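Here is the structure we will look at, set down as structure tokens.
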Amino acid sequence: MRLKNKVALITGASSGIGAGIAERFSNEGALVAVNYRPDSPRDRDAAELAVKSYKASAIAVEADVSKRDQVEAMIARVVKELGRIDICINNAGIEIKHDFLETTDAEWNRVLGVNLYGSFVVSQAAAREMVKQGDGGRLIYISSVHEDIPFPGFTSYCASKGAIRMMMRNVAMELATHRITVNNIAPGAIATPINKSVLENPTAFRNAVSEIPLGRFGTPDDVASVAVFLASDDAAYVTASTYYVDGGMTQQVTLY
Ligand code: NAD
């Protein structure tokens, strides 16, 4: 067990990559707080069902990550019910496809609000607790290969993920003296609900797979393996880095 008795908060953990990380962390002995968004009964049900299935203690915690008051209440609840916070996985994210020339302020603000501001405010609130505790910690952002690679039609998403890359490097410098390490995981194409339209379209799916040297979509568990490493004592000397989990996709010249 590589995370025994560590307390981990994972945002947007009722589906996809977040759910995969929460399950793996629990199997590694962590006490897990599974965050879900308040406006979705389906996400709440999935989060509550998941925590009941874990062997280690776990709680489902509601919060819209783009709302500071909800985030601070969530962090307070994690500390009250699980005792502390050691690991914060900033995973919640959305994308809206719209050409740059047509993108509205509302679309831009929603994507940047959840992906970038949400990652800022959750990691800041968690880091403040870690600093108070005084014995280090782990911040991990789930960015994307699009922290670096353009994705036409998704300018707001790419801007949010590129900014997370820079935020991560800066925060790593500021928190190093507190022994809080800060890293990004940049997934490529992972089979989750965010990719529903590609997964359900055989032509788009074939084209996508042809862009991936390892010849398949990744799974949430592929991402969770790297998250376990970064959260564990094995990664004590790793900070300010991006780990690509993309089957080699970033080395290709075109994207689906
Ligand atoms: P997903 O849609 O299954 O997961 C996103 C989760 O975020 C959902 O559970 C959703 O309810 C939650 N969420 C959305 N808005 C929220 C809010 N305001 N407050 C709290 N939770 C909120 O898709 P996923 O693929 O698992 O995505 C997880 C992360 O991985 C995202 O940040 C995404 O950008 C990133 N990512 C995914 C891929 C991929 O191919 N699947 C690739 C690169 C990066």
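Counting convention: from 1, in listed order, for ligands and their atoms alike. Keep in mind the model is a prediction, meaning the values are calculated, not measured. The first residue in the sequence is number 1, and the count goes up from there.
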Proximity to ligand 1 by part of [X], non-hydrogen separation under 4.0 Å:
X	result
K161	side chain
A186	neither
N115	neither
S143	backbone
T192	side chain
T11	neither
S15	both
V114	side chain

If we count only N and O atoms by modelled type, under 3.5 Å, do the side chains of [X] and [Y] hold a donor and an acceptor together?
X	Y	result
N35	T11	no
D221	T219	no
E107	S156	no

Element-labelled atoms of ligand 1 that are located less than 4.0 Å from some non-hydrogen atom of [X]:
X	answer
D43	9 (O), 10 (C), 11 (O)
I17	25 (O), 26 (O), 30 (O), 37 (C)
N195	39 (C), 40 (O), 41 (N)
G16	3 (O), 26 (O)
D64	17 (C), 18 (N), 19 (N)
N35	20 (C), 21 (N)
Y157	33 (C), 34 (O), 35 (C), 36 (N), 43 (C), 44 (C)
G12	6 (C), 7 (O), 9 (O), 12 (C), 21 (N)

- Message: Quick one, R37 with D39, criterion salt bridge (charged side-chain N to carboxylate O under 4.0 Å, His left out). Give me CA distance, side-chain angles, the key distance, then yes/no.
- Response: CA-CA 6 Å; R37 53 194 287 184; D39 59 345; 2.8 Å; yes
- Item | Test side-chain contact (heavy atoms from CB on, under 4.5 Å) applied to T181 - qualifying residues, sequence neighbours left out |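 T181: side-chain contact (heavy atoms from CB on, under 4.5 Å) contacts with R138, N183, T239.
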State whether [X] and [Y] are salt-bridged, where the test is any N-O pair (Lys NZ or Arg NE/NH1/NH2 against Asp/Glu carboxylate O) under 4.0 Å.
X	Y	value
E48	K52	no
D222	R216	yes
K161	E147	no
D135	R84	yes

If you measure every N or O of [X] against every N or O of ligand 1, does any of those distances drop under 3.5 Å?
X	result
V145	no
P187	no
G188	yes

- Query: Touching ligand 1 at all, S40? Heavy atoms, strictly under 4.0 Å?
  - Reply: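 So S40 does not count as touching ligand 1.
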- Taking the non-hydrogen atoms of G118, is any one of them nearer than 4.0 angstrom to ligand 1?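 Distance cut 4.0 Å: G118 fails for ligand 1.
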- Aromatic rings Y157 and F154: how do their planes relate, parallel, tilted or perpendicular, breaks at 30° and 60°?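 Perpendicular: the ring planes of Y157 and F154 meet at over 60°.
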- Evaluate the side-chain contact (heavy atoms from CB on, under 4.5 Å) criterion for residues V223 and I190: first the C-alpha distance (whole Å), next the side-chain angles of each, then the deciding distance (0.1 Å), finally the verdict. CA-CA 9 Å; V223 182; I190 310 297; 3.9 Å; yes
- Item | R42/D45 under salt bridge (charged side-chain N to carboxylate O under 4.0 Å, His left out): CA gap, chis, key distance, verdict | CA-CA 5 Å; R42 206 175 60 168; D45 292 350; over 6 Å; no
- side chain to side chain donor-acceptor pair (under 3.5 Å) partners for S225, two or more places apart: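 Checked S225 against side chain to side chain donor-acceptor pair (under 3.5 Å); matches are R24.
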